[in-house]
Amino acid sequence: MQRDSPFYIEFLVTGGDVHMHKVLVVDDAVFMRNIIKDFLTKNGFEVVGEAGNGAEAVQKYIQTRPDLVTMDITMPEMDGVEALKKIKEHDPLAKIIICSAMGQEKMVIQAMGAGAIDFIVKPFQEARVLEAITKAAASL
């Protein structure tokens, strides 16, 4: 856990008894999942699963019951908006952050309307990813 991580102070204050927030990372590109996983793990989050499409994301969500989900918006089989809706059917309190490329504003608006709690734009900036994840984790 890095000293500049928002969870490092919590770690010190609680004497090391910190609930590591569990995250499901969903993206059809393996390299994008690896980037997000790296950001998360070095900042005190536990990645409990990965999915490469929306259908797999729904299954993994049900299996792993993560605290948070990062969800790509454009994927094969089932897109991120549809997967978000299916996950929300199973768990209306699911915390899902949408990941989108520039130019996908319409789909981001649909996702936010369907219950996404935030969105981050590719290419990722680590500070923005951590801001969105930390904000979502604070609401748990």
In short, D79 meets V81 closest at the heavy-atom pair OD1-N, 3.0 Å
What are the two closest non-hydrogen atoms of K42 and E126, and how far apart are they?
CE-OE2, 2.8 Å
One should read off an interatomic distance between L24 CG and L68 CG, to the nearest 0.5 angstrom, of 10.0 Å
Passing candidate, side chain to side chain contact (heavy atoms under 4.5 Å, CB included) with I96, options D91, I117, I87
I87
Closest heavy-atom contact between H21 and A137?
CD2-CB, 3.7 Å
Show the nearest heavy-atom pair for residues I73 and A111, with the distance to one decimal.
CD1-CB, 4.4 Å
Are the charged groups of D27 and K37 less than 4.0 angstrom apart, N to O?
no
The reported gap from CG in L130 to CZ in F124 (rounded to nearest 0.5 angstrom) is 11.5 Å
Could you measure the distance from the CE atom of M112 to the CG atom of L84? Nearest 0.5 Å is fine.
10.0 Å
With rounding to the nearest 0.5 angstrom, report the OG to CE distance, S100 to M107.
9.5 Å
Joint hydrophobic cluster, L93 plus I98, side-chain heavy atoms closer than 4.5 Å
no
Please check: side-chain N/O of K95 versus main-chain N/O of V69, any donor-acceptor pairing under 3.5 Å?
no
Working note: K135 + D118, criterion salt bridge (Lys or Arg N to Asp or Glu O under 4.0 Å); need CA distance, chi angles, decisive distance, verdict.
CA-CA 9 Å; K135 183 173 107 180; D118 205 345; 3.5 Å; yes
On a heavy-atom basis, the closest approach of C99 and T70 is SG-CB, 4.0 Å
Do the side chain of N43 and the main chain of F39 share a donor and acceptor less than 3.5 angstrom apart?
yes
Please report the C-alpha distance between I133 and L40 in whole Å, then the side-chain angles of each, then the deciding distance to 0.1 Å, and finally whether the side-chain contact (heavy atoms from CB on, under 4.5 Å) criterion is met.
CA-CA 9 Å; I133 295 284; L40 295 172; 3.8 Å; yes
Rounded to the nearest 0.5 Å, what's the gap from CG on D28 to CE on M75? Could you check?
7.0 Å
More than 12 heavy atoms of other groups within 6.0 Å of K86 NZ
no
So, do M20 and F45 sit near enough that their side-chain heavy atoms are less than 4.5 Å apart?
no
In terms of hydrophobic clustering (I, L, V, M, F, W, Y; side-chain heavy atoms under 4.5 Å; direct or indirect links), are I62 and M71 co-clustered?
yes
With clusters defined by side-chain heavy atoms of hydrophobic residues (ILVMFWY) lying less than 4.5 Å apart, directly or transitively, does V48 cluster with I97?
no
In sequence, state the C-alpha distance, the side-chain angles, and the governing distance for D72 and K122, and then conclude on side-chain contact (heavy atoms from CB on, under 4.5 Å).
CA-CA 10 Å; D72 186 20; K122 298 175 184 178; 2.9 Å; yes
Distance check, rounded to the nearest 0.5 Å: K85 atom NZ versus M78 atom CE?
11.0 Å
Okay, side chain of T134, backbone of E131: is any donor-acceptor separation there less than 3.5 Å?
no
Hydrophobic clustering (ILVMFWY, side-chain heavy atoms < 4.5 Å, transitive) - are I36 and F31 grouped together?
yes
Tightest non-hydrogen contact, residues G52 and R33, listed as CA-NH1, 3.5 Å
For the pair R65 (side chain) and K22 (backbone), establish whether a donor and an acceptor sit closer than 3.5 Å, ignoring hydrogens and angles.
no
Mark yes when over 12 heavy atoms from residues, nucleotides or ligands other than E46 sit less than 6.0 Å from its CD; otherwise mark no.
yes
